[in-house]
Undergrad: 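Quick one: structure below, then a few questions.
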Amino acid sequence: MEAASEAFHYYGITLFGCRVHGDTVIVTGLIIIFYLAMGLIAGRRFRIVPTRLQSLIELMVAYFEDLCTSMMGSKGKKYLPYILSIFLFVLSCNWLGLLPSLITPKGFPLTMPPTRDISTTAALALISFFAFQYFGFREHGWKYVLHWIHPIPILIKSLPRYLLFMIPPLFVLFVLLNIVEELARVLSLSVRLMGNILGEHTVASSLLGFVVIIMGLSALVAPVADILPLFVLFLGMLTGLIQAFIFSVLTLSYISSAVEEEH
């Protein structure tokens, strides 16, 4: 029960007069600092004959470059840094929960995944939302605003004159539907990631508690207690990888829809 309750534990601190989840804020900041440092160090050590780490990085970059170009054509390459950054950050946050529990003497948890917190996933979803809105405006200028009233311009051209009286109510309807669609993207990105990581963390805690029960029952089933933690670790790695990939691919698809020619 103690392990299961830890999955829901938040360490609150006061920041600028507001009560925030201190563990989420600080651990997220540490992950960002880690990647900034790794980027500065790795950027100076690239070689013509790659090391194992450089080969792994190049394979990852090549895979996501192919993914971007397959969805958006040659223009997709310029969105590669953003998509890959999102993937690595979300993956690191997800996998942080797989490390052994590390809690400071004051009760501050350092190995809780920030993506189990809706504030982290909502912030990531909002960043992606404003990103593909910005990319859409950059690609199409003020014409991009027309996607908020789509398909009204097409209806105006295609409807016969005696049906044009329907344009005003349809205008209101489609604007509302488009706004709901955009907000649903933010909700979908944030809730899906948070729910899956929090659910996986809770299930893992419950399974590990089950291991303790098995070990206390009989020595005959003790081998199960050795295998189950490995299964939990594999499940956590797989869930974290899949959710990071889904988040980055959905973000890429939203960018693709924002910059496509029909806008």
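Scope of the values below: all heavy atoms of this structure, side chains included, with no hydrogens, waters or symmetry mates.
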Undergrad: Ser92: which residues meet the side chain to side chain donor-acceptor pair (under 3.5 Å) condition with it, sequence neighbours left out?
TA: Tyr35
Undergrad: Give a yes or no on this: more than 12 heavy atoms of other residues, nucleotides or ligands lie within 6.0 Å of atom CE of Met60.
TA: yes
Undergrad: Measuring from atom OG of Ser188 to atom CG of Leu250, what distance do you get when rounded to the nearest 0.5 angstrom?
TA: 6.0 Å
Undergrad: Rounded to the nearest 0.5 Å, what's the gap from CG on Leu126 to OG on Ser190? Could you check?
TA: 7.5 Å
Undergrad: When you compare the side chain of Ser253 with that of Met71, does any pair of heavy atoms fall below 4.5 Å?
TA: yes
Undergrad: Is there side-chain contact between Phe132 and Glu182, with at least one heavy-atom pair below 4.5 Å?
TA: yes
Undergrad: Given side chain to side chain donor-acceptor pair (under 3.5 Å), test Ser128 with Tyr82 step by step and report yes or no.
TA: CA-CA 9 Å; Ser128 294; Tyr82 176 71; 3.2 Å; yes
Undergrad: Group every Ile, Leu, Val, Met, Phe, Trp and Tyr by side-chain heavy-atom contacts under 4.5 Å, then state whether Met38 and Ile33 land in the same group.
TA: no
Undergrad: Once rounded to the nearest 0.5 Å, what's the spacing between atom CG of Leu241 and atom CE of Met237?
TA: 8.0 Å
Undergrad: For the residue pair Thr115 and Met194, establish whether any side-chain heavy-atom pair is separated by less than 4.5 Å.
TA: no
Undergrad: Measure up the Phe135 and Tyr79 rings against each other and bin them: parallel (under 30°), tilted (30 to 60°), perpendicular (over 60°).
TA: perpendicular
Undergrad: Using the rule side-chain contact (heavy atoms from CB on, under 4.5 Å), only one of Leu96, Thr120, Asp117 pairs with Val27; which is it?
TA: Leu96
Undergrad: Hey, what do you get for CG (Leu67) to CD1 (Ile83), rounding to the nearest 0.5 Å?
TA: 8.5 Å
Undergrad: Count the heavy atoms belonging to other residues, nucleotides or ligands that lie under 6.0 Å from NZ of Lys78, then report whether that count exceeds 12.
TA: yes
Undergrad: Atom CD1 of Ile149 and atom CZ of Phe174: how far apart are they, to the nearest 0.5 Å?
TA: 11.5 Å
Undergrad: Are Pro113 and Ile197 side-chain neighbours, meaning at least one heavy-atom pair lies under 4.5 Å?
TA: yes
Undergrad: Nearest 0.5 Å, please: how far is CG in Leu91 from CD in Gln243?
TA: 11.5 Å
Undergrad: Evaluate the criterion side chain to side chain contact (heavy atoms under 4.5 Å, CB included) for residue pair Phe87 and Phe247; output intermediate values, then yes/no.
TA: CA-CA 7 Å; Phe87 173 77; Phe247 194 97; over 6 Å; no
Undergrad: Is any side-chain heavy atom of Phe129 less than 4.5 Å from a side-chain heavy atom of Arg185?
TA: no
Undergrad: Can you check whether Leu252 reaches Met72 side chain to side chain, under 4.5 Å on heavy atoms?
TA: yes
Undergrad: If you apply the rule side chain to side chain contact (heavy atoms under 4.5 Å, CB included), what do you find for Ile31 with Cys93, and how did you get there?
TA: CA-CA 8 Å; Ile31 293 175; Cys93 290; 3.7 Å; yes
